[in-house]
Amino acid sequence: QAKEAGKNRYHLFDPGLDREVQARRTKLKHINVALNKDEFVLYYQPKVDLLTGEVIGAEALIRWQHPEQGLLPPAAFLGLIDGHDLEIEIGEWVIESVLKQIAVWNTLGLTFPVSANLSANHLLQVDFADRLQLMLERHPAVKHEDLELEILETSTLNDIDQAAGILTQCRNMGVRFSLDDFGTGYSSLTYFQRLPVDTLKIDQSFVRDMLEDPNDLDIVESIVRLTQTFNKSVIAEGVETLEHGAMLIKLGCSHAQGYGIARPMPAGKLPAWVEQWRHDEPWLTINIPTED
Ligand code: C2E
Ligand code: MG
Ligand code: MG
Ligand code: MG
């Protein structure tokens with residue numbers, strides 16, 4: 001009540017209110033409206049095993065179906081909600097949507113795990129594990145093991161002990177975790193050592209350049225070795241060409257995700273894509289198809 005009054009007073013009587021602050025508020029308001037109007041959608045990018053041809057999962061990637069501007073990528077709006085309540089609200093919408101999607105796909109015979117990207121601020125909420133538990137309870141048909149959460153090592157994830165505690169709680173419920181964009185942060189090894197995760201996702205920048213740059217190749221190889229030594233899973237992101245796939249297999253990383261396999265697509269298109277993938281030779285298409 002008092003806070004509300006304070007807000008209004010600020011709004012009404014501070015003509016010097018910074019334009020940028022004002023602009024951010026307006027944008028946040030738009031994002032809030034968009035969430036209520038259900039304008040956010042999740043696209044899904046398949047993950048495959050290049051050796052067996054098996055579809056091993058899918059990653060949910062948020063987009064904003066903007067009424068005037070069309071389909072907006074996460075980079076166009078996620079930064080704005082950083083540190084704001086909306087970051088948590090949208091984060092929960094994403095997880096809830098993924099759980100619904102897993103249930104739908106299960107009824108169609110698609111039984112692989114699906115991952116959601118999780119922001120550091122969201123993960124560090126003190127009640128994160130409890131709220132996740134509630135979400136899982138709302139979807140009793142979904143196996144907890146089929147939900148995977150991808151976390152980024154960012155400066156906002158500075159409280160590693162707290163993050164590790166929450167991860168442990170969630171993993172005890174069966175939920176899996178991966179470290180996204182692995183190798184790009186300042187303290188990848190610290191995160192790897194202290195956060196109980198199941199999978200490392202090799203960042204796409206290393207994969208993209210590994211055929212030309214021996215340093216990147218060494219990094220990819222080292223990450224694969226690291227996962228072998230510590231008995232973790234590994235998946236390469238940004239696999240765009242047959243050559244990338246061949247090299248990754250050679251290095252011992254057959255799990256892959258990238259435009260060369262499939263672009264992120266609307267949920268409704270995934271079952272047909274899986275059919276097609278299973279029907280075709282389980283191998284990369286060199287032509288990079290466009291999103292949609
Ligand atoms: P990410 O989680 O590392 O996702 C991979 C990004 O690379 C996606 O971009 C994907 O479309 C793109 N990508 C996939 N394969 C290839 C490839 O072969 N080549 C290239 N050049 N790019 C590829 P997108 O969808 O724009 O997402 C960007 C980032 O936004 C994500 O990176 C993730 O950090 C964040 N993000 C996406 N959805 C969510 C979400 O629901 N919640 C949160 N907190 N973050 C999200
Ligand atoms: Mg990700
Ligand atoms: Mg990534
Ligand atoms: Mg990324």
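Order of appearance sets the numbers: ligands from 1, and atoms from 1 within every ligand.
- Centroid-to-centroid, the aromatic rings of F192 and F230 come within less than 6.0 Å.
- Taking backbone and side chain together, N117 holds an N, O or S atom under 2.8 Å from the Mg ion (ligand 2).
- Looking only at distances, a side-chain donor or acceptor of N36 sits under 3.5 Å from a matching main-chain atom of N32.
- The minimum distance between the Mg ion (ligand 2) and any N, O or S atom of E59 involves atom OE2.
- Ring pair F77/F40 is tilted by interplanar angle, where 30° to 60° counts as tilted.
- Of all the N, O or S atoms in E237, the one closest to the Mg ion (ligand 3) is OE2.
- Near Q45, meaning under 4.0 Å from any of its heavy atoms, are these atoms of ligand 1: 14 (C), 15 (N).
- Donor-acceptor pairing under 3.5 Å is lacking for the side chains of E153 and S187.
- For a threshold of 3.5 Å applied to N or O pairs, the pair formed by Q257 and ligand 1 contains no separation below that value.
- Its N, O or S atom nearest to the Mg ion (ligand 2) is what matters here, and for D180 that atom is OD2.
- When the Mg ion (ligand 2) is compared with the N/O/S atoms of E150, atom OE1 turns out nearest.
- Near V94, meaning under 4.0 Å from any of its heavy atoms, are these atoms of ligand 1: 41 (O).
- Placement of I249 and L226 within a single hydrophobic cluster is found when ILVMFWY residues are connected by side-chain heavy-atom separations under 4.5 Å, directly or transitively.
- Under the 4.5 Å side-chain heavy-atom criterion for Ile, Leu, Val, Met, Phe, Trp and Tyr, I235 and M247 are members of distinct hydrophobic clusters.
- Using a 4.0 Å heavy-atom cutoff, E59 is listed among the residues neighbouring ligand 1.
- When the N, O or S atoms of D181 are ranked by distance to the Mg ion (ligand 3), OD1 comes first.
- A side-chain donor-acceptor contact under 3.5 Å links W277 to the backbone of G53.
- If you number the atoms of ligand 1 from 1 as listed, the ones under 4.0 Å from a heavy atom of E240 come out as 17 (C), 18 (O), 19 (N), 20 (C), 21 (N).
- At least one heavy atom of P264 sits closer than 4.0 Å to an atom of ligand 1.
- Here the two rings, on W105 and Y44, have centers that are under 6.0 Å apart.
- Residue contact check for ligand 1: R208 places no non-hydrogen atom closer than 4.0 Å to it.
- Between R225 and E221 there is a salt bridge, since a side-chain N of the basic residue sits under 4.0 Å from a carboxylate O of the acidic one.
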